[in-house]
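Below is one structure, written out as structure tokens; comments come after it.
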Amino acid sequence: MIENLSDRVSPEREAAEEASRSACAAGFAGGSDTTVSTVHSFFLAMCLYPEVQKKAQTELDMVLGGRLPEFNDKESLPYITAMVKESLRWQQVAPLGVPHMATEADEYNGYYIPKGTIVIGNAWTILHDPEVYSHPFEYKPDRFLTKEGKLNTRVPDPGSLAAFGFGRRVCLGRFLTENSMFILFAHILAVYDIRPGLSRNGREVIIKPEMTSGMLSYPEPFKCRITPRSKQAEYLVQNSTLLLMD
Ligand code: HEM
């Protein structure tokens, strides 16, 4: 953005540079910890729900037939898309979103909200409403699919509902996040198995899912093992850069 600005020194150019710097900083601040926490939650879910992992890998193997995934595969990988939705819902990274202020007096369900009131949207409760998402504390991507395995548009999408905040200041990284999670989850599960870590006696540790509390919430550290699924998977990982350049 800055490279595209004119070389001539002027107050307009300075303002445009300031705006470009601020836009980059806002993207970095808004997008880094949120993405990291959601990816950690995904690894946690893979350790706790091996049957979900297996199902995703079956879909990937059927569609990819031994190659790495691409964005063009999205239509054919509804289970991975459902995992993105479930990962944004299950252990929500911003449980109370970001506080907003009413710019005008308002009324909601008979409650008068004076101008200037700080309003906090309880995204956590919305995304764990058992009437909308049955067994809300379980990681169940299937809830977003029809019996035929297609995406079920009748189930509210956590991304539009609450995971990215509300109203005019809603997260501007939403679509970038949903796409990057899709390609990340698909790549990881195409080539790796994720399992709980091992204790000293060689047994898998029992992981108790726990989240930190705060404005942003992260999974507490847990031990996990990440291993290539096969020799072919190892080959794909080691040569992925070369394969991409082909
Ligand atoms: C898992 C990923 C993410 C989650 C859960 C998330 C969630 C949120 C939430 C809850 C808000 C507050 C919205 C509100 O005020 O109601 C927000 C704002 C924002 N997010 Fe994200 N975000 C994510 C990723 C990203 C990424 C990747 C970027 C940038 C590339 C980004 C940039 C921003 C910015 C700039 C704002 C402030 C928008 C404004 O105040 O106008 N976010 N995000």
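Counting starts at 1 for both ligands and their atoms, in listed order. All values below were derived from every heavy atom in this structure, side-chain atoms included, with hydrogens, water molecules and symmetry-related copies excluded.
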Check your understanding: What do you reckon, are the aromatic ring centroids of F137 and H128 less than 6.0 Å apart?
Key -> yes

Point to revise | Residue part near ligand 1, for T34, under 4.0 Å between non-hydrogen atoms | key: both

Exercise for review: Identify, by atom number and element, the atoms of ligand 1 in contact range of L176, meaning under 4.0 Å from any of its heavy atoms.
Suggested key: 30 (C)

Exercise for review: Look up atom 29 (C) of ligand 1 and tell me if a protein heavy atom lies less than 4.0 Å from it?
Suggested key: yes

Point to revise | Exercise: do Y235 and S230 side chains pair donor with acceptor under 3.5 Å | key: no

Study note, to complete from the structure: Taking only non-hydrogen atoms of V98 and a 4.0 Å limit, the atoms of ligand 1 in range are 12 (C), 15 (O)

Check your understanding: Just which atoms of ligand 1 are under 4.0 Å from any heavy atom in T177?
Key -> 1 (C), 2 (C), 23 (C), 24 (C), 25 (C), 26 (C), 27 (C)

Review point. Counting each atom of ligand 1 from 1 as listed, which ones have a heavy atom of H100 under 4.0 Å away?
Key: 14 (C), 15 (O), 16 (O)

Review point. For ligand 1, which atoms, with element, lie under 4.0 Å from some heavy atom of A163?
Key: 5 (C), 7 (C), 10 (C)

**Study point:** Nearest protein heavy atom with distance in Å, relative to atom 43 (N) of ligand 1
**Key:** C171 CB, 3.1 Å

Review point. For ligand 1, which atoms sit closer than 4.0 Å to a heavy atom of V93?
Key: 5 (C)

Review point. What part of A29 sits under 4.0 Å from ligand 1 if we count only heavy atoms: the side chain, the backbone, both or neither?
Key: neither

